[in-house]
Undergrad: 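Attaching a single structure in structure tokens format; questions to follow.
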Amino acid sequence: MSVRIGQGYDVHAFGEGDHVMLGGVRVPHERGVTAHSDGDVVLHALCDAMLGALALGDIGIHFPPADPRWKGADSRVFLRHCNALLRERGWRVGNADVTVVCERPKVGPHAQAMRELIAGDLGIAVDAISVKATTSERMGFTGRGEGIAALAVCLLVAA
Ligand code: MG
């Protein structure tokens with residue numbers, strides 16, 4: 001098989017703080033997120049998509065929330081680790097597409113910076129990474145501003 005596909009989904013509740021980490025970018029916001037790591041839903045969803053593509057489990061298996069090593073962890077460490085796992089198996093990310101779901105903060109102004117960071121960490125071209133956003137029209141937990149969610153799909157190709 002020369003391609004593999006994976007999908008991922010992640011949610012974090014808003015909590016105390018003055019910023020959220022999204023795609024490795026510090027985005028100013030009047031709330032933070034409740035998380036063991038830095039709570040980066042973009043990178044967590046993407047990691048799960050990458051792991052899922054090779055049926056390697058999920059981010060919780062590779063980086064257990066109970067493990068003190070990952071307290072406050074920079075999620076780019078997770079991303080690079082997941083990338084190493086697939087590279088050593090002969091794969092690389094062909095492309096990935098991430099959708100952030102929230103009413104606020106505004107994601108658009110930061111999307112290009114996220115794309116560049118992610119592409120750099122994966123060692124692939126920026127145009128292979130898409131980051132976009134939508135609201136949920138004020139419905140549900142994202143619509144009420146209780147938390148932030150992200151969905152990701154990625155295609156792996158033989159390296
Ligand atoms: Mg998470």
Side-chain angles (χ1 to χ4, degrees), residues 4-87 93 95-111 113-122 124 128-136 139-156:
R4 303 273 300 208
I5 192 168
Q7 60 106 19
Y9 174 65
D10 192 47
V11 172
H12 283 280
F14 284 126
E16 291 291 303
D18 61 1
H19 71 281
V20 293
M21 295 303 296
L22 291 174
V25 175
R26 184 185 174 99
V27 177
H29 190 46
E30 74 268 19
R31 316 218 49 203
V33 293
T34 303
H36 186 68
S37 68
D38 66 5
D40 190 323
V41 290
V42 169
L43 298 188
H44 294 181
L46 180 55
C47 285
D48 262 358
M50 292 164 65
L51 293 169
L54 291 183
L56 291 175
D58 60 46
I59 195 170
I61 292 173
H62 292 268
F63 306 99
D67 189 328
R69 274 183 303 169
W70 312 125
K71 185 165 171 52
D74 178 349
S75 294
R76 291 177 69 187
V77 171
F78 303 164
L79 180 65
R80 293 190 203 107
H81 180 78
C82 291
N83 195 47
L85 289 176
L86 61 94
R87 292 274 182 171
V93 173
N95 77 294
D97 183 21
V98 183
T99 302
V100 183
V101 185
C102 63
E103 302 297 316
R104 294 189 319 111
K106 284 231 173 297
V107 171
H110 306 282
M114 295 179 205
R115 295 176 64 209
E116 289 172 7
L117 277 178
I118 293 167
D121 282 345
L122 298 181
I124 61 176
I129 300 295
S130 164
V131 176
K132 57 197 196 302
T134 186
T135 72
S136 38
M139 294 180 288
F141 71 89
T142 52
R144 292 188 296 268
E146 296 168 3
I148 186 166
L151 306 103
V153 290
C154 76
L155 191 74
L156 303 188

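Order of appearance sets the numbers: ligands from 1, and atoms from 1 within every ligand. Hydrogens, waters and symmetry mates are skipped; everything else that's a heavy atom, side chains included, is used.
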Undergrad: Can you list the residues that meet the ring-ring contact (aromatic ring centres under 6.0 Å, His included) rule with His12, with sequence neighbours excluded?
TA: His44
Undergrad: By ring-ring contact (aromatic ring centres under 6.0 Å, His included), which residues pair with His36, not counting sequence neighbours?
TA: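 Per chain and number, His36 pairs via ring-ring contact (aromatic ring centres under 6.0 Å, His included) with no residue.
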Undergrad: Restricting to ring-ring contact (aromatic ring centres under 6.0 Å, His included), what partner residues turn up for Phe14, sequence neighbours left out?
TA: His29
Undergrad: Are Asp67 and Arg69 within salt-bridge range, i.e. N to O under 4.0 Å?
TA: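 Counted as a salt bridge, because a side-chain N and a carboxylate O are separated by less than 4.0 Å.
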Undergrad: Would a distance-only check, ignoring hydrogens and angles, find a side-chain to backbone donor-acceptor pair under 3.5 Å from Asp48 to Ile59?
TA: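 Confirmed, Asp48 side chain pairs with Ile59 backbone.
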Undergrad: Among Val100, Thr135, Val101, whose side-chain contact (heavy atoms from CB on, under 4.5 Å) with Val107 holds?
TA: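 Exactly one candidate clears the test, Val100.
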Undergrad: Among the protein atoms near the Mg ion (ligand 1), how many are N, O or S and lie under 2.8 Å away?
TA: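 Under the 2.8 Å cut-off, the count stands at 4.
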